[in-house]
**Q** 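Starting off with a structure, shown below.
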Amino acid sequence: MASLLPSIATSNKRSNINLSDKYVSLLQKCVSFQQARMLHAQILKSGTHQDLFVMTSLVNIYGKCGAIEAAHKVFDHLSETNVVTWTSLMSAYLHNARPQQAFQVFLQMLENGSYPTNYTLGVALNAASSALYDVNVGKQLHGYLLKYGLEDDTSIGNALCNFYSKSGGCMEYAIKAFWRIPQRNVISWTTIVSACGHNAHFATGLAFFTSMLQEGIHPNEFILTSVFSLCCTMQAIHVGLQLHSLTIKIGFQYNLAVTNSIMYLYLKVGWFAQAKKLFHGLEQVSLVTWNAMIAGHAQMMDLEDNNVLASRNGIEALDMFLRLQRSGLKPDLFTFSSILTVCSNLVALEQGEQVHAQAIKSGFLSDVVVGTALVNMYNKCGSINKASKAFVEMPSRTLISWTSMITAFAQHGFSKDALDLFNDMRLAGDRPNKVTFVGVLSACSHAGMVDEALSYFQMMKNEYKITPVMDHYGCIVDMFVRLGRLEEAFDFVKKMEIEPNEFIWSLLVAGCRSHGNLELGFYAAEQLLCLKPKDPETYTMLLNMYVSAGRWKDASKVRKAMKDENVMKKLKDWSWISVKDKVYSFKADKCDDLLGDLLEKSRHVGYQEEEEGKEAKVHHSERFAVAFGLLKIEKPAVVRVVKSTTMCKECHSFIKSVSLLMEREIMVRDCKRLHRFDDGKCSCGDFASFL
DNA sequence: ATAGGGTTAG
């Protein structure tokens with residue numbers, strides 16, 4: 001063992017050690033590429049660039065700041081190399097998600113005649129266990145370690161524990177490897193806690209952290225961030241709060257990484273004010289701070305019931321993206337994927353396209369997560385061609401990217417493309433999951449392919465052992481309802497293995513209304529109101545059902561109930577549209593000039609207002625947003641609108657007429673589906689859960 | 001002077 005793990009001879013060429021040590025310690029505190037470059041310049045001026053320790057630290061720091069080219073350049077100019085310099089270069093590659101190159105450096109080092117130390121082998125093992133690299137190499141390394149009796153070393157034990165948790169996520173082996181470490185240090189504990197987090201063993205992870213505290217080991221910033229990340233995935237805000245006080249007690253409240261992780265926890269559980277307080281209290285921010293804020297705002301948009309607030313969050317996230325860049329930081333793959341999600345939620349195509357261009361320039365489009373986010377952005381902005389182009393251009397695919405594209409085709413009514421792609425996915429050897437099947441089933445439902453849908457449903461259960469969830473049942477119900485096969489829809493619901501929820505009942509209510517089956521419709525509406533009392537959309541559908549049936553007495557009863565219970569106040573009808581770099585929002589209101597003109601003209605192409613519409617002179621918000629879009633957005637660009645509630649039948653047919661009349665493609669994404677209007681037709685196939 | 005962490009897509 002001694003011959004394989006030699007102690008490192010200190011270079012005797014070091015001169016002016018005091019100054020060199022000063023630079024080494026300055027470099028270790030460095031957090032950004034800019035700072036590193038500044039220090040580099042000073043080092044050159046001071047002459048300490050002759051010192052191997054200083055230059056090794058520089059390799060490390062450049063590596064940690066994501067400047068792998070700079071790190072390698074410094075390494076190439078070193079006056080001499082030893083095992084520490086080689087190890088530093090390896091870890092630089094590892095930090096920059098290039099484990100394969102890290103391993104190449106390891107092999108080069110061996111060729112060069114340097115003996116690996118325990119640190120070197122640890123890095124090599126971590127490189128091999130990275131998800132991006134080969135598991136077999138890790139196993140070979142493990143064999144090598146066993147052969148030379150090296151597995152009792154703490155560094156190597158840590159790396160082994162990491163290896164087991166990542167290769168196949170085998171927690172049992174990881175935990176065994178952890179307890180086998182002879183002298184566990186903070187790094188060992190951090191490794192096991194974060195392993196628990198990555199493999200969804202949350203309670204175990206917290207228990208490990210507590211054990212560590214009981215053993216009297218002092219936490220550092222790394223274990224704190226790991227344990228906050230654990231809370232984040234668990235949404236365990238109360239544990240998080242306790243840990244936050246612990247953090248303050250032990251003096252880590254001004255630590256940037258720790259604050260970032262606490263801030264992200266608050267954002268994840270929706271504690272916006274607390275997150276912002278932490279953000280504003282920061283003296284300096286890092287790229288991770290911005291990324292966490294942007295990602296937090298992006299996911300907040302999904303959680304937000306109030307769409308006006310949701311769009312405000314999105315706009316704020318876009319603003320942060322600008323501020324990030326103005327501060328001189330370079331966005332990374334996390335930034336790009338989050339900001340693309342923001343653009344999709346805002347249906348901000350123009351901004352999305354700009355981000356796309358930036359992502360190409362900075363080379364992050366090769367990342368599969370960014371690529372998938374791009375596919376989703378184009379899909380949600382209604383541009384199926386661009387989504388498909390982005391998908392085709394992706395260098396690699398994952399389950400999520402296949403699923404995104406399949407779902408995109410399905411949502412746009414390209415059922416055949418969706419099902420073909422599903423076939424390609426299976427041929428490529430990727431295993432579909434339950435989300436993939438939601439896409440597949442909705443493709444069938446959209447095209448009315450009953451036999452196919454039922455056979456895919458069986459395939460999912462039998463071949464892939466996936467238990468159906470509400471969305472799967474919803475697709476089948478939706479399909480029967482679209483075809484007007486209401487009895488079959490109700491039969492299917494009766495046989496469901498789970499209790500139907502409001503989503504299922506609202507499909508049935510809408511279907512019954514649209515096909516004029518009042519008996520079943522009232523029954524479904526009753527069930528729906530049990531689950532969602534005083535729901536404004538249900539009341540509206542019920543009211544419309546009575547009106548269509550000419551049951552005026554019942555209709556006025558419902559209307560009175562709606563008035564008495566103030567139901568309509570709960571229906572917040574908002575639409576918004578993004579033009580250039582601004583987002584405009586509209587609420588339901590009285591008719592203005594442009595809209596009046598459109599209404600007048602559309603009567604000539606066959607659009608007729610229902611009796612209801614004439615009486616209530618208030619117009620739904622999407623009409624204003626569409627009218628505004630027609631004025632502000634030049635042909636042939638598509639007018640894209642997002643709406644907070646479900647579209648009503650009348651607005652749907654109105655916008656169909658407008659698309660014909662103005663010769664414009666118009667897209668409206670309501671809270672249930674996507675509608676792409678073109679040439680007087682809509683991609684939803686004219687059946688939707690209309691109000 | 002080398003090991004460990006936090007932020008991402010359906």
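In what follows, chains are A, B, ... by sequence order, proteins preceding strands, each numbered from 1.
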**Q** Can you tell me the distance, in whole Å, between the CG atom of A:Leu230 and the P atom of B:dT7?
**A**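 Checked: the CG to P distance equals 11 Å.
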
**Q** Does A:Leu287 reach a base, just sugar-phosphate, or nothing at all? Heavy atoms under 4.0 Å.
**A**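 Contact class for A:Leu287: none.
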
**Q** Donor-acceptor pair under 3.5 Å: do we get one between A:Ser155's side chain and the base of B:dA3?
**A**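 Such a pair exists between side chain and base.
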
**Q** Can a side chain N or O of A:His198 be found less than 4.0 Å away from OP1 or OP2 on B:dG6?
**A**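 Answer is yes, contact under 4.0 Å.
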
**Q** Name the nucleic acid region contacted by A:Ser337, choosing base, sugar-phosphate or nothing; use a 4.0 angstrom heavy-atom cut-off, strictly under.
**A**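 Answer is base: heavy atoms of A:Ser337 come under 4.0 Å of a base.
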
**Q** Roughly, in whole Å, what's the span from CH2 in A:Trp86 to C1' in B:dA1?
**A**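 It is 16 Å, rounded to the nearest whole Å.
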
**Q** With centres under 5.5 Å and planes under 30° as the test, does A:Tyr119 stack with B:dT2?
**A**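 Not stacked by the 5.5 Å and 30° rule.
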
**Q** Rounded to whole angstrom units, what separation is found between the CG atom of A:Leu267 and the C1' atom of B:dG6?
**A**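 These atoms are roughly 13 Å apart.
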
**Q** At under 4.0 Å, does any side-chain N or O of A:Ser91 touch on OP1 or OP2 of B:dA3?
**A**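 Checking A:Ser91 against B:dA3: at least one side-chain N or O falls below 4.0 Å of OP1 or OP2.
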
**Q** I'd like to know if A:Thr56 reaches the base of B:dA1 with its side chain, counting only an N/O donor and acceptor under 3.5 Å.
**A**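 It does, because a donor-acceptor pair links the side chain of A:Thr56 to the base of B:dA1 below 3.5 Å.
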
**Q** Does A:Thr398 reach a base, just sugar-phosphate, or nothing at all? Heavy atoms under 4.0 Å.
**A**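 If one applies the 4.0 Å heavy-atom cut-off, A:Thr398 turns out to touch a base.
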
**Q** Using atom CG of A:Leu121 as one end and atom P of B:dA3 as the other, report the distance to the nearest whole Å.
**A**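 Going from CG in A:Leu121 over to P in B:dA3 covers 14 Å.
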
**Q** Using whole Å, what does the distance between atom P of nucleotide B:dT7 and atom CG of A:Leu324 come to?
**A**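 That distance rounds to 17 Å.
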
**Q** B:dA3 base to A:Asn60 side chain: any donor-acceptor pair below 3.5 Å?
**A**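 Not at all, since no donor on one side and acceptor on the other fall under 3.5 Å apart.
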
**Q** Check this for me: does the side-chain of A:Thr87 come within 3.5 Å of the base of B:dT2 through a donor and an acceptor?
**A**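 Result: at least one qualifying N/O pair found.
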
**Q** Evaluate the criterion side-chain hydrogen bond (donor to acceptor under 3.5 Å, both in side chains) for residue pair A:Thr120 and A:Thr87; output intermediate values, then yes/no.
**A** CA-CA 5 Å; A:Thr120 321; A:Thr87 310; 3.1 Å; yes

**Q** A:Ile406 has an atom CD1; how far is it from atom P of B:dA9, in whole Å?
**A**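 So the CD1-P distance, A:Ile406 to B:dA9, works out to 19 Å.
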
**Q** Taking all non-hydrogen atoms of both residues into account, name the closest pair between A:Met293 and A:Lys276 and its distance.
**A**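 Distance-wise, the nearest heavy atoms are CE-CG, 4.4 Å.
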
**Q** Within the modelled atom types, does a donor on one side and an acceptor on the other bring the side chain of A:Asn291 and the base of B:dG6 under 3.5 Å apart?
**A**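 Side chain to base: no pair present.
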
